[in-house]
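What follows is a short report on a single structure.
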Amino acid sequence: MHLFNQLIRPLNTFVKRSVVHFLCAVCVGYMFPSSQSAAFADELVEYKVKAAFIYNFIAFTQWPADTGQTLNLCIYGKDYFGDEIDKLQNRPVNNHQIKVIRTDSIEQLQDCQAIFFSKSVREKLPALLDVIQNKPVLTLADSPGAATQGVAINMALSNEKIIFEINLREARSSGLNISARLLNLAVKVY
């Protein structure tokens with residue numbers, strides 16, 4: 001609960017609405033009679049919360065001074081977010097605006113300031129990370145072992161809560177600074 005309060009306190013109404021949607025989705029999830037429908041509702045809730053976390057990861061990251069006004073948030077691989085991630089489109093964050101881009105083009109990754117690598121591309125992760133190595137890109141994932149493979153922030157579901165680990169070494173080698181407040185909330189920092 002302490003972690004939850006620390007994340008919610010500095011957030012804007014978007015994230016607070018996401019939490020309300022999360023609670024509503026949990027209630028709706030209990031009303032589905034089949035386990036398949038309940039599993040779908042659980043995944044929907046999970047990715048709503050992950051979308052809110054991504055917003056905060058971006059908010060607590062500092063890019064180099066020459067970064068433009070737009071932060072391209074690219075979703076690479078299968079999109080489990082649905083239209084939930086679209087709510088970040090044009091959202092202001094630290095003098096920037098977020099633009100959400102879904103892509104399967106390795107070449108387009110060069111134009112991204114933040115990339116969420118879907119668990120559907122977990123096997124290709126090392127090769128994908130090589131394409132953007134030493135570029136100011138915040139890499140995000142939700143795959144086991146992704147942080148040890150070089151992803152800056154990796155999320156996981158543990159006891160029905162989203163937790164995350166940070167590979168600070170990789171973030172810094174990419175020219176990014178991650179807020180100490182975010183580092184304090186991570187379950188592990190490499």
Side-chain angles (χ1 to χ4, degrees), residues 1-61 70-94 96-104 112-122 125 138-144 146-147 151-166 178-179 181-182 185-188:
M1 191 63 168
H2 179 59
L3 170 68
F4 180 76
N5 288 333
Q6 283 186 336
L7 283 174
I8 293 299
R9 190 176 314 125
L11 305 180
N12 61 19
T13 57
F14 165 75
V15 176
K16 289 177 184 174
R17 278 195 318 265
S18 294
V19 171
V20 169
H21 290 141
F22 166 77
L23 294 174
C24 290
V26 168
C27 292
V28 169
Y30 286 114
M31 294 187 307
F32 288 115
S34 74
S35 62
Q36 184 177 7
S37 295
F40 175 75
D42 289 344
E43 187 172 276
L44 180 66
V45 169
E46 176 184 346
Y47 280 90
K48 279 186 174 197
V49 175
K50 285 181 179 178
F53 269 72
I54 288 172
Y55 177 82
N56 286 295
F57 296 151
I58 292 170
F60 286 101
T61 299
T70 302
L71 293 176
N72 292 327
L73 166 60
C74 298
I75 310 301
Y76 188 87
K78 184 175 179 183
D79 180 5
Y80 296 95
F81 292 100
D83 54 354
E84 191 62 35
I85 200 76
D86 294 329
K87 293 177 183 175
L88 299 183
Q89 185 76 9
N90 298 319
R91 300 261 331 146
V93 61
N94 302 332
H96 300 283
Q97 284 200 324
I98 297 172
K99 180 178 180 184
V100 177
I101 299 170
R102 290 170 176 84
T103 185
D104 283 323
C112 304
Q113 285 72 44
I115 304 170
F116 178 83
F117 291 104
S118 169
K119 57 188 171 188
S120 69
V121 297
R122 184 170 81 194
L125 199 51
L138 179 64
T139 53
L140 309 162
D142 64 349
S143 300
V151 168
I153 302 176
N154 187 47
M155 294 178 278
L157 189 62
S158 176
N159 297 323
E160 299 181 16
K161 295 179 184 174
I162 303 296
I163 59 171
F164 60 94
E165 54 188 350
I166 298 175
I178 295 179
S179 166
R181 292 174 67 188
L182 191 57
L185 297 174
V187 294
K188 190 168 188 178

side-chain hydrogen bond (donor to acceptor under 3.5 Å, both in side chains) involving N90 - partner list, sequence neighbours excluded: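 Not a single residue meets the side-chain hydrogen bond (donor to acceptor under 3.5 Å, both in side chains) criterion with N90.
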How far apart are the closest heavy atoms of [X] and [Y], and which atoms are they?
| X | Y | answer |
| --- | --- | --- |
| A146 | A141 | CB-CB, 3.8 Å |
| I163 | S158 | CD1-CB, 3.7 Å |
| V121 | G77 | CG1-CA, 3.8 Å |
| S143 | N154 | O-ND2, 2.9 Å |
| E84 | A51 | CG-CB, 4.0 Å |

How long is the span from the [atom1] atom in [X] to the [atom2] atom in [Y], to the nearest 0.5 Å?
| X | Y | atom1 | atom2 | result |
| --- | --- | --- | --- | --- |
| Q113 | T61 | CD | OG1 | 12.0 Å |
| K48 | I85 | NZ | CD1 | 12.5 Å |
| I58 | H96 | CD1 | NE2 | 10.5 Å |
| L182 | N56 | CG | CG | 8.0 Å |
| L88 | Q97 | CG | CD | 12.0 Å |
| E46 | M155 | CD | CE | 9.0 Å |

Any side-chain to backbone donor/acceptor pair from [X] onto [Y]? Under 3.5 Å, distance only.
| X | Y | result |
| --- | --- | --- |
| S120 | K78 | yes |
| E165 | V187 | no |
| S179 | F60 | no |
| N94 | A59 | yes |
| T139 | I115 | no |

query: Are the side chains of P144 and R122 in touch, meaning some heavy atoms are under 4.5 Å apart?
result: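 Heavy-atom side-chain distance check passes, below 4.5 Å.
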query: Would you say R102 and D86 make side-chain contact, with heavy atoms under 4.5 Å?
result: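 Touching, per the 4.5 Å side-chain cut-off.
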message: Checking F57 against I178 for the side-chain contact (heavy atoms from CB on, under 4.5 Å) test, could you report, in this order, the C-alpha distance in whole Å, the side-chain angles of both residues, the deciding distance, and whether it holds?
response: CA-CA 8 Å; F57 296 151; I178 295 179; over 6 Å; no
query: Where does the angle between the aromatic ring planes of F116 and Y47 fall among parallel (under 30°), tilted (30 to 60°) and perpendicular (over 60°)?
result: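 Plane angle over 60°, so perpendicular.
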- prompt: Who pairs with D104 by salt bridge (charged side-chain N to carboxylate O under 4.0 Å, His left out), at least two apart in sequence or on another chain?
  reply: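 Applying salt bridge (charged side-chain N to carboxylate O under 4.0 Å, His left out) to D104 gives none.
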- prompt: I54 pairs by side chain to side chain contact (heavy atoms under 4.5 Å, CB included) with which of V49, L140, V100, I75?
  reply: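 Testing I54 for a side chain to side chain contact (heavy atoms under 4.5 Å, CB included) against V49, L140, V100, I75 leaves exactly one candidate, L140.
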